[in-house]
S.K.: 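Structure incoming, see below.
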Amino acid sequence: MASNHKYLLIFDFDETIVNENSDDSVVQVAPEQELPDWLKETFQDGYYNQYMQRVLKYLGDQGVKISDLKTVYEKIPLSPGMTTLFRFLTKNQDRFEIILISDANMFGIESNLKRYGYHSLFRRVISNPTSVEKSGYLTLGPYHSHSCPQCPANMCKRKIVSDYLNERSQEGVKFESLLYVGDGANDFCPTVIFSSNDVAFPRKSYPMHKLMRKMEEKQKGSFKAKIVPWESADVVAQYLQALLNKS
């Protein structure tokens, strides 16, 4: 069965939908709003998910409750212009299929989106799984494993996008183009396989944008998708409105 969704719109969460890194935000509920050095020193590049597992355990040990964490996640502000973009999408939901792919965690993302009233915009939220233990601790797991050398051990967004497109294709859904709003290096990875039909919206001067520029400097035309940088998500809303006007 063919779908009337023309565009697949993919969002990142941290420093894209919200204006902070939600993993950093939870430090606010730690004693004296700080993590001890012994804990910070356990961080290893590419293994942030494991590090956050230890951070959440430490917070639980310090008596931090789930409700405290939920409040922190709910208070994280949206990025500039994001409300405008979400209102535009709410009015045009029939034209976009919207998903969220984030290396944060399900509990934090869902708490935030429900608080702002935008959770229902997303057909699927894909992130690292969380669960609330009997002890009242929030525990975190990895999303999957993969073989991409560029991405953290627990999540490759390129693999997730490819798998999602395959799944939708088997269900008879084809997209005219892919649209990706992000900021980080792990948001760059999926857009490398985009075609000239697709659009990448990197947050201006953030790692995703820098990596795109670097790729273009090395070999002009090697990055195929159209690049539309944004400082305010109003820019994304305006671009999408123009896209709908054309089609």
S.K.: For atom CG of Asp45, decide whether the heavy atoms of other residues, nucleotides or ligands shown that lie under 6.0 angstrom number more than 12.
M.R.: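 No, the 6.0 Å shell around CG holds no more than 12 heavy atoms from other groups.
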S.K.: Applying a strict under-4.5 Å side-chain criterion to I, L, V, M, F, W and Y, I'd like to know whether Val55 and Val27 cluster together.
M.R.: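 Per the 4.5 Å side-chain linkage, Val55 and Val27 are co-clustered.
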S.K.: Test your reading of the model: is there a side-chain donor-acceptor pair from Ser102 to the backbone of Asp12, 3.5 Å cut-off?
M.R.: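 Here the side-chain-to-backbone pair does not exist.
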S.K.: Do Cys151 and Lys159 have side chains that get closer than 4.5 Å, going by heavy atoms?
M.R.: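 A side-chain contact is absent here, since even the closest heavy-atom pair is not under 4.5 Å.
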S.K.: Enter the distance from Leu178:CG to Leu8:CG here, rounded to the nearest 0.5 Å.
M.R.: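 That separation rounds to 5.5 Å.
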S.K.: Taking all non-hydrogen atoms of both residues, which atom of Thr83 and which atom of Leu78 are closest, and how far apart?
M.R.: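 Where Thr83 meets Leu78 most closely, the heavy atoms are OG1-CD1, 3.6 Å.
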S.K.: Under 4.0 Å between a Lys/Arg side-chain N and an Asp/Glu carboxylate O for Asp187 and Arg203?
M.R.: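 A salt bridge is absent here (no side-chain N lies under 4.0 Å from a carboxylate O).
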S.K.: State yes or no: do Val26 and Tyr137 share one hydrophobic cluster built from I, L, V, M, F, W and Y residues joined by side-chain heavy-atom distances below 4.5 Å, directly or via other members?
M.R.: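 No; tracing contacts between hydrophobic side chains, which count when under 4.5 Å, never links both residues.
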S.K.: So do the side chains of Asn112 and Val18 get within less than 4.5 Å of each other, counting heavy atoms only?
M.R.: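 Answer yes - side chains close enough.
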S.K.: Would a distance-only check, ignoring hydrogens and angles, find a side-chain to backbone donor-acceptor pair under 3.5 Å from Asp68 to Val64?
M.R.: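 Checked: no pair found.
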S.K.: Got a second to check how far Glu41's CD is from Gln44's CD, nearest 0.5 Å?
M.R.: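 Rounded to the nearest 0.5 Å, the CD-CD separation comes to 12.5 Å.
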S.K.: Could you please spell out the steps behind the ring pair (Phe, Tyr, Trp, His ring centres under 6.0 Å) verdict for Phe175 and Tyr7?
M.R.: CA-CA 5 Å; Phe175 300 104; Tyr7 306 104; 9.2 Å; no
S.K.: So, applying side-chain contact (heavy atoms from CB on, under 4.5 Å) with Glu216, which one of Lys220, Met212, Arg213 is it?
M.R.: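 Of all the options given, the one that passes is Lys220.
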S.K.: State, to 0.1 Å, how close Ser25 and Ile76 come at their nearest heavy-atom pair, and which atoms those are.
M.R.: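 In terms of heavy atoms, the two residues are closest at OG-CD1, 3.7 Å.
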S.K.: Going through the distances and angles, do Tyr118 and Phe11 end up as a ring pair (Phe, Tyr, Trp, His ring centres under 6.0 Å)?
M.R.: CA-CA 13 Å; Tyr118 295 118; Phe11 279 91; over 10 Å; no
S.K.: Within the 4.5 Å heavy-atom criterion, are Ile10 and Tyr164 side-chain neighbours or not?
M.R.: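 The answer is no, as the side chains (C-beta and beyond) never meet within the 4.5 Å cut-off.
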S.K.: Side-chain contact, heavy-atom cut-off 4.5 Å: Thr84 with Phe88?
M.R.: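 Not in contact.
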S.K.: Quick one: does Thr130's side chain have a donor or acceptor within less than 3.5 Å of a partner on Phe107's backbone?
M.R.: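 Yes, the answer is positive, given that a donor and an acceptor are paired below the 3.5 Å cut-off.
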S.K.: Minimum heavy-atom separation for Ala104 to Asn128, with atom names?
M.R.: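 Answer, listing the atom of Ala104 first, then Asn128: O-ND2, 2.9 Å.
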S.K.: Can you find a heavy atom in the side chain of Ile227 that is under 4.5 Å from one in the side chain of Pro202?
M.R.: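 Sidechains of Pro202 and Ile227: in contact.
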S.K.: When you look at Arg168 and Glu97, which way does the side chain to side chain contact (heavy atoms under 4.5 Å, CB included) test go after all the steps?
M.R.: CA-CA 11 Å; Arg168 295 302 276 143; Glu97 179 163 308; 2.8 Å; yes
S.K.: Heavy-atom count check: over 12 atoms from other residues, nucleotides or ligands less than 6.0 Å from Arg87 CZ?
M.R.: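 For Arg87, atom CZ is not crowded (no more than 12 foreign heavy atoms under 6.0 Å).
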S.K.: Can you establish whether the number of heavy atoms outside Lys75 located under 6.0 Å from its atom NZ is more than 12?
M.R.: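 No, the 6.0 Å shell around NZ holds no more than 12 heavy atoms from other groups.
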S.K.: Hey, would you say the Phe201 and Tyr180 ring centroids sit under 6.0 Å apart?
M.R.: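 No, they do not, as the ring centres are separated by 6.0 Å or more.
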S.K.: Measure across Val161 and Pro190 and return the closest heavy-atom pair with its distance rounded to 0.1 Å.
M.R.: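 Looking at all heavy atoms of both residues, the shortest contact is CG2-CB, 4.0 Å.
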S.K.: Give a yes-or-no answer on whether the side chains of Asp103 and Asn49 include a donor-acceptor pair shorter than 3.5 Å.
M.R.: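 There is no such pair between these side chains.
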S.K.: For Ser205 and Lys210: C-alpha separation, side-chain torsions, deciding distance, then whether side-chain hydrogen bond (donor to acceptor under 3.5 Å, both in side chains) applies.
M.R.: CA-CA 6 Å; Ser205 301; Lys210 287 178 179 166; over 6 Å; no
S.K.: Looking at side-chain heavy atoms only, is the closest gap between His144 and Ile160 below 4.5 Å?
M.R.: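 Counting from C-beta outward, His144 and Ile160 do come under 4.5 Å.
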S.K.: Is Tyr51 atom OH crowded by more than 12 heavy atoms from other residues, nucleotides or ligands, each under 6.0 Å away?
M.R.: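 It does: Tyr51 OH has more than 12 such atoms within range.
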S.K.: Given the rule in the side chain to side chain contact (heavy atoms under 4.5 Å, CB included) test, do Leu121 and Leu100 qualify, once you have shown the distances and angles that lead to the verdict?
M.R.: CA-CA 10 Å; Leu121 263 184; Leu100 192 162; over 6 Å; no
S.K.: Fit a plane to each ring of Phe188 and Phe223, take the angle between them on a 0 to 90° scale, and name the class: parallel (under 30°), tilted (30 to 60°) or perpendicular (over 60°).
M.R.: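 Parallel, since the angle between the ring planes stays under 30°.
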S.K.: List the steps, then state whether side chain to side chain contact (heavy atoms under 4.5 Å, CB included) holds for Tyr206 with Glu231.
M.R.: CA-CA 10 Å; Tyr206 277 65; Glu231 286 176 292; over 6 Å; no
S.K.: Take Val125 and Met106 through the test side chain to side chain contact (heavy atoms under 4.5 Å, CB included) and record every step on the way to the result.
M.R.: CA-CA 8 Å; Val125 174; Met106 287 300 285; 3.8 Å; yes
S.K.: Test salt bridge (charged side-chain N to carboxylate O under 4.0 Å, His left out) on Arg124 and Glu167; report intermediate values, then the result.
M.R.: CA-CA 13 Å; Arg124 190 173 300 170; Glu167 178 195 318; 2.7 Å; yes
S.K.: Specify the closest pair of heavy atoms between Cys148 and His146, including all atoms of both residues, with the distance to one decimal.
M.R.: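 Closest heavy-atom pair between Cys148 and His146: N-ND1, 3.0 Å.
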S.K.: Going by atom types only, do Asn105 and Ser127 share a side-chain donor-acceptor pair under 3.5 Å?
M.R.: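 Ser127 and Asn105 do not have a side-chain donor-acceptor pair below 3.5 Å.
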S.K.: CE of Met155 to SG of Cys189: how many Å apart, nearest 0.5 Å?
M.R.: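 If we round to the nearest 0.5 Å, Met155:CE and Cys189:SG are 12.0 Å apart.
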S.K.: Quick check for you: to the nearest 0.5 Å, what is the distance between Lys57 atom NZ and Glu133 atom CD?
M.R.: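 These two atoms lie 11.5 Å from each other.
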S.K.: Sub-3.5 Å donor-acceptor pair from the side chain of Ser196 to the main-chain atoms of Ala225, do we have one?
M.R.: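 Here the side-chain-to-backbone pair does not exist.
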S.K.: Show the numbers, then the answer: is there a side-chain hydrogen bond (donor to acceptor under 3.5 Å, both in side chains) between Arg158 and Thr191?
M.R.: CA-CA 8 Å; Arg158 185 192 300 191; Thr191 59; over 6 Å; no
S.K.: Linking I/L/V/M/F/W/Y whenever any side-chain heavy atoms sit under 4.5 Å apart, do Tyr48 and Trp38 land together?
M.R.: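 They do share one cluster, since a chain of ILVMFWY contacts under 4.5 Å joins Tyr48 to Trp38.
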S.K.: Working to the nearest 0.5 Å, report the span between CG of Leu113 and CZ of Phe13.
M.R.: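 With rounding to 0.5 Å, CG (Leu113) is 5.5 Å from CZ (Phe13).
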S.K.: Return the minimal non-hydrogen interatomic distance between Pro77 and Tyr116, and the atom names on each side.
M.R.: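 Here Pro77 and Tyr116 meet closest at CA-OH, 3.5 Å.
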S.K.: Side-chain heavy atoms under 4.5 angstrom apart, residues restricted to Ile, Leu, Val, Met, Phe, Trp, Tyr: same cluster for Leu140 and Leu39?
M.R.: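 Looking at the clustering, Leu39 is in the same group as Leu140.
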S.K.: Can Gln170 and Asn166 be said to form a side-chain hydrogen bond (donor to acceptor under 3.5 Å, both in side chains), step by step?
M.R.: CA-CA 6 Å; Gln170 283 167 6; Asn166 287 338; over 6 Å; no
S.K.: Show your reasoning for whether side-chain hydrogen bond (donor to acceptor under 3.5 Å, both in side chains) applies to Ser195 and Asp198.
M.R.: CA-CA 5 Å; Ser195 75; Asp198 305 325; 3.3 Å; yes
S.K.: Do Val236 and Val228 share a hydrophobic cluster (ILVMFWY, side-chain heavy atoms under 4.5 Å, transitive)?
M.R.: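 Yes, it is one cluster - the side chains of Val236 and Val228 are joined through contacts under 4.5 Å.
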S.K.: Looking at Lys114 and Glu74, is any side-chain nitrogen of the basic one under 4.0 Å from a carboxylate oxygen of the acidic one?
M.R.: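 No salt bridge links Glu74 with Lys114.
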S.K.: To the nearest 0.5 Å, how far apart are CD1 in Ile98 and CD in Gln93?
M.R.: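 The CD1 atom of Ile98 sits 6.0 Å away from the CD atom of Gln93.
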S.K.: Any sub-3.5 Å donor-acceptor pair from Ser22's side-chain atoms to Asp14's backbone N or O?
M.R.: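 Pair absent, no side-chain N/O of Ser22 close to backbone of Asp14.
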S.K.: Any side-chain donor-acceptor pair under 3.5 Å between Gln241 and Asn245?
M.R.: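 Per modelled atom types, Gln241 and Asn245 side chains form a pair under 3.5 Å.
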